[in-house]
Amino acid sequence: MTETTTTPPADRAPAPAARGLVPLPPATALPLLLAGGIATAASTFLAWTWTAEFPGDLTVSGYPGGLQWLTFTAGLLTALFALSAYRVRGLRWLTPAGNHAPLLLVAVGGFGTTWYTVLAITIKLGGLANLEPGGFIAAVASLVPLVGALALPAEHRGEDLATALGKRIAKPDRIPAAEATTPWVQRAAITAVAVVGLIVFTYGIDTEYGELFIGYLIVVVFTIWALHTAGLLDRFSQLLAGNRSFALAMGFLAAIAFPFTQTDDHYANIGVNILIFGTVALGLNIVVGLAGLLDLGYVAFLGVGAYTAALVSGSEFSKFSGVQFPFWAAALSGAAASLIFGVLIGAPTLRLRGDYLAIVTLGFGEIFRIAVNNMDGDSGPDITNGPNGIPSIPDLSFLGFNFGEAHDVGGFTLGRFANYYLLMVLIMALVVLVYTRAADSRIGRSWIAIREDETAATAMGINGFRVKLVAFALGASLAGLAGTVSAHVTYSVVPNPYQFAGSTPPNSAFLLAAVVLGGMGTVAGPLLGAALLYLLPEKLVFLQDKSLLAFGVALILLMRFRPEGIIANRRRQLEFHETGQLDVPDTTTLTDEPAVTKAGT
Amino acid sequence: MNTLPQQLANGLLLGSMYGLIAIGYTMVYGIVQLINFAHGEIFMTGAFGALTVYLYILPDGTNMLVAVPLMLIGGAIVAVLIAVGAERFAYRPLRGAPRLAPLITAIGLSLALQEVVRNFYPGADRARAFPGLDATHDIGSVTIKDADIFLILAAIVCMSGLAWFVRKSRTGRAMQATAQDPDTAQLMGIDTNRIIVVAFAIGGFFAAVAAVAYGLKYGNVDYRMGFLMGLKAFTAAVLGGIGNIYGAMLGGIVLGIAETLASAYIDEIPGMQQLGGQSWANVWAFCLLILVLLFRPQGLLGERVADRA
Amino acid sequence: MTTPVLEARDVTMRFGGLTAVRSVDFTVNSGEIVGLIGPNGAGKTTFFNCLTGLYVPTEGTVSYQGTVLPPKPHLVTKAGIARTFQNIRLFANMTVLENVLVGRHTRTKEGLWSALLRGPGFKKAERDSEERAMELLEFIGLAHKRDHLARNLPYGEQRKLEIARALASEPGLLLLDEPTAGMNPQETRTTEELVFAIRDRGVAVLVIEHDMRFIFNLCDRVAVLVQGEKLVEGTSDVVQADERVVAAYLGEPFEGDPSTTKGEVQ
């Protein structure tokens, strides 16, 4: 560790880089961090405001409440990281690379959430007068670790302030390899992470008001960022790679455990919607991420599945109201109908350049909505009941298990949405299985080969058209399958959600954004992207109106600055960042040249 | 009113509007092989630019003969600036990136433009009234509006101007060279970046002309108008042979006529009684696109491009 | 010994009014290394594209082991002709091993269902494919880099990997399109040895090259294509002695060709 490196270089050049960004003796930095962290956590035991008008009741002295819990967590984390920087035995694993970036980031997280809370109280209640002394103490206390972190001596020589700051939050190039641990320790670690993940995720879904969610986001984002720069995420993914099946099982268990932590079925509803959204996004990821085909009408396949399921659900408003398929048959027919449409759309277009597919699927998505809207027997054939859609879709019943009723399982009550949630977990597990198995096989390799260089792939004997059609049709039928469940979850199907862009998920633009934001070509990426994109407008009501605008801008910025998304696929990351910037447009007309650089001799 | 000549005239008018927008797709594609999905939205912003001139700059009751050219200028400025800005700040940094990247950027841009107009243009979350040119004339059995005359004249003038520009002007010839072989063109001293900007600008200008014509003809504009029009214009560009400017106009006219005839007459075909009318016209236009891609993917005027292995 | 693997009969290729290849007869026998040379614009690439299924000849036929070639590149590969590219076209973001596994595509048939169900057949096929691929990687000396991304290999190794990928499709004939382009003399020598070793595995090789010395050292037989027609065909000595070849290479239109200087050394 470097907290004592104040020795100036031999040439006595002014060395601002060796100092912190705040002119304090470097030796004071870590104590400030530690003390500030503890003080921040402690301040949450005071009252911050005098009235319970601010949500979460921050008026109580003695224990934290509402947003104070977030400040408390952040303060505690800051203290822990500071202790780890002191090399306290048992906490060293928190900062394996021994760098300062995580310290700064957790400090910013604590500062951010505390000041956000204090400012929110001031603005919402109209003036600083509404703050109790505790509020001021918290504000000052959370500033201390930030000052401390900035006073840490720089590890790199930054030229100007921006680069200096950038280097302070950069991940080191080399993370020391983890010490060998026994399988039991590894599994315990994975289990612990799954439990913490479940708690954090559940807390996020259960946030009751926008302020709490924003505070939550601040803490979570900066903490994860800190863990990333500390190198812990890298270590954890190594751990996962070494214990694949155990990790998958734990993830699956954590997903199943979620409804058991919920007392209110409303949150299970959010959960089931996220799962539907995430599953469809993962299906889209096969098409976009693996095979490199841009499908802009993907939600229409979800719609085909949903309408098919609704038509054979036995709803009295269905054209075939006498018909009631058992769920497995409805699911299969939904998937099959989507498959047929997928082949119909894909067959003429997949022989051509990828751009054509994008525009044709965009058209198909729109046409689907128009057609469904008009097939009401008035302005078109009588099939889908037009804009009114097909309401009163009965709940599923499976081997005597009615999904519409609450059930008691081991002392927990599972409501209607919890039942569907568990069903969706199964379907998602199926899609994850399909994705991972397909990706790691002859057909998956040929998808990637086609994406990389279609001409070379053809010269290797791959029938490009056929494997692309398989990917496209597989994606379509997975969406159709998810659609069959979503029809039952929402009681009714109407044309409106199945459009290219709209303010609520699912729609094709949201799905694409989820895949791109999360990370193309990964399993976790689209799921994370879907959860984020669903929760943000759901929790932040004021955002709903502007969410599409934000997505549009986010897509542009993502492609510009981090095209690989939040979770980078190893391949993608290289692909996007190692190609040289060409100033000349691509010369080829039918296929892309591969970006192989001649390394010279 | 619904005679065949009238339907043909309607189709021709609609089609020239598609054709004007299609020019933007086809020029950009011809030079950088990029489908600028946001082009429909550039068309839309052109309409709102023109509307702004009418509502907020011109005094009330300005003679339309004065107002229309000024609206055209306003719409063109907005559309060209957005088109060029999109190229400069969104697409140019992505040249050489994997193919998917600019497409996704285009989607994002398209969403962002729509939402900016919806959120920040007064009253634009619903259709906004646009001054119409509704006086009608009868030519034989065909009735057309003043707006239609504007559209036809604008289309003819723009197309002849473009044809002259591409063939005769220095920049136009440089464009052709860049479309053929950008590397060689650059070696020959052509500033390809400038050529690309010009292509985007021309596309933006044509879209603005189409947008003003659209407003004058239909009497209202809204933030979503670019989506379907853009989609159809792209269909027109593919139909005519993408990369070919005359093809774009031809494709537009063919598509316009096909769509109009389909919505007017298809319900007379036994068994398809309920599939006529305006709401199904989009479906038929889309089916036409699929059929073209199936049987003549290079389009009416396009040439089959062989792969260079 | 001399059963023909590849037979081109009277192949003519016209593009509109332009005749790029004019009634060329050409044969590659099993166990042979044959070179195809010619100045720039002689129609080599067009002829090559006729062999790989990118073009269907306007007249004449190309047959492989007695059957006329199907007109699709992937079917040609399946029939038993594999190729490399003049400008390396690896799957840059796949690993070395995966690149070779993609080459095995036509020799395996596990589809989507078997990938999803992962039955014993699938596992066996994957294991076999991997064994074959590793064997090829050892053959070209890249086994130790199996998990590297193809794009991170040095240039010479990328060339080798492309050859291994082509060999993975178990071809009877390997087409090499300028395999030494951009190589230094030492790498060129290594490639020469590699081509001999490939022949020893029972694969006939057709090489298109600019580097005449490489071709004359390597090939049992060399054909010279000039202005779409076959000028000479014979052993290296015969071709080198033929003054028409020298004339074709030194004639005005192709003076700028850098490989000419190497070609007329002797």
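Note that the structure is predicted; figures quoted are calculated from it, not measured. Every chain is numbered from 1 and lettered A, B, ... according to where its sequence line falls, protein lines coming before strand lines.
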**Student:** So how far is it from Glu366(A) CD to Leu231(B) CG, rounded to the nearest 0.5 Å?
**Tutor:**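 Interatomic distance, Glu366(A) CD to Leu231(B) CG, rounded to 0.5 Å: 7.5 Å.
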**Student:** Restricting to non-hydrogen atoms, name the atom on Arg560(A) and the atom on Pro93(B) that form the minimum distance, rounded to 0.1 Å.
**Tutor:**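 The pair with the smallest heavy-atom distance is NE-CB, 3.2 Å.
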**Student:** Leu291(B) versus chain A, heavy atoms under 4.5 Å apart: side chain, backbone, both or neither?
**Tutor:**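 Leu291(B) has no heavy atom closer than 4.5 Å to chain A.
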**Student:** Select one option (side chain, backbone, both, neither) describing which atoms of Leu113(B) are under 4.5 Å from chain A's heavy atoms.
**Tutor:**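 Neither; nothing under 4.5 Å.
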**Student:** I'd like to know which of Val283(B), Thr105(B), Val116(B), Asn119(B) tops the heavy-atom pair count under 4.5 Å against chain A.
**Tutor:**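 Max contact count across the listed options: Asn119(B).
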**Student:** I need the residue from Leu555(A), Asn373(A), Leu344(A), Ile345(A) with the largest number of non-hydrogen atom pairs under 4.5 Å to chain B.
**Tutor:**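 Result: the option with the highest number of such pairs is Leu555(A).
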**Student:** For Phe364(A), which atoms come within 4.5 Å of any heavy atom of chain B: side chain, backbone, both, or neither?
**Tutor:**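 Backbone plus side chain of Phe364(A), per the 4.5 Å heavy-atom cut-off to chain B.
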**Student:** Which value, rounded to the nearest 0.5 Å, describes the distance between Arg118(B) atom CZ and Lys546(A) atom NZ?
**Tutor:**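 That separation rounds to 7.5 Å.
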**Student:** Step by step, would you call Phe120(B) with Leu549(A) a side-chain contact (heavy atoms from CB on, under 4.5 Å)?
**Tutor:** CA-CA 11 Å; Phe120(B) 302 113; Leu549(A) 177 58; 3.8 Å; yes
**Student:** Mark yes when over 12 heavy atoms from residues, nucleotides or ligands other than Arg466(A) sit less than 6.0 Å from its CZ; otherwise mark no.
**Tutor:**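 No, CZ of Arg466(A) has 12 or fewer neighbouring heavy atoms, counting only those of other groups under 6.0 Å.
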**Student:** About how many Å separate CD1 of Ile107(B) and CZ of Phe551(A), when rounded to the nearest 0.5 Å?
**Tutor:**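 Output value for this atom pair is 14.5 Å.
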**Student:** Val553(A), Leu362(A), Thr349(A): which one forms the most heavy-atom pairs within less than 4.5 Å of chain B?
**Tutor:**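 Of the options given, most contacts go to Leu362(A).
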**Student:** Quick check on Val360(A) against chain B: is it the side chain, the backbone, both or neither that has a heavy atom closer than 4.5 Å?
**Tutor:**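 Contact with chain B involves both backbone and side-chain atoms of Val360(A).
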**Student:** Which heavy atom of Ile104(B) sits nearest a heavy atom of Met520(A), and at what distance?
**Tutor:**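 What the structure gives for the nearest pair is CD1-CE, 4.2 Å.
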**Student:** Looking at Ala90(B), Pro102(B), Ala185(B), Gly108(B), which makes the most heavy-atom pairs under 4.5 Å with chain A?
**Tutor:**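 Greatest number of close heavy-atom pairs with chain A: Gly108(B).
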**Student:** About how many Å separate CZ of Arg369(A) and CG of Asn282(B), when rounded to the nearest 0.5 Å?
**Tutor:**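 Output value for this atom pair is 10.0 Å.
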**Student:** Between Ile290(B) and chain A, with a heavy-atom cut-off of 4.5 Å, which part of the residue counts as in contact: side chain, backbone, both or neither?
**Tutor:**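 Interface part for Ile290(B): both.
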**Student:** Could you tell me how the ring of Phe234(B) sits relative to the ring of Tyr356(A): parallel (under 30°), tilted (30 to 60°) or perpendicular (over 60°)?
**Tutor:**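 Rings of Phe234(B) and Tyr356(A): tilted, 30 to 60°.
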**Student:** Quick check on Leu294(A) against chain B: is it the side chain, the backbone, both or neither that has a heavy atom closer than 4.5 Å?
**Tutor:**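 For Leu294(A), the contact with chain B is made by backbone and side chain together.
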**Student:** Does the side chain of Ile556(A) come within less than 4.5 Å of Phe89(B)'s, by heavy atoms?
**Tutor:**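 With C-beta onward as the side chain, the pair stays apart.
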**Student:** Is chain B contacted by the side chain of Leu296(A), its backbone, both, or neither, given a heavy-atom distance below 4.5 Å?
**Tutor:**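 Answer is side chain: those atoms of Leu296(A) sit under 4.5 Å from chain B.
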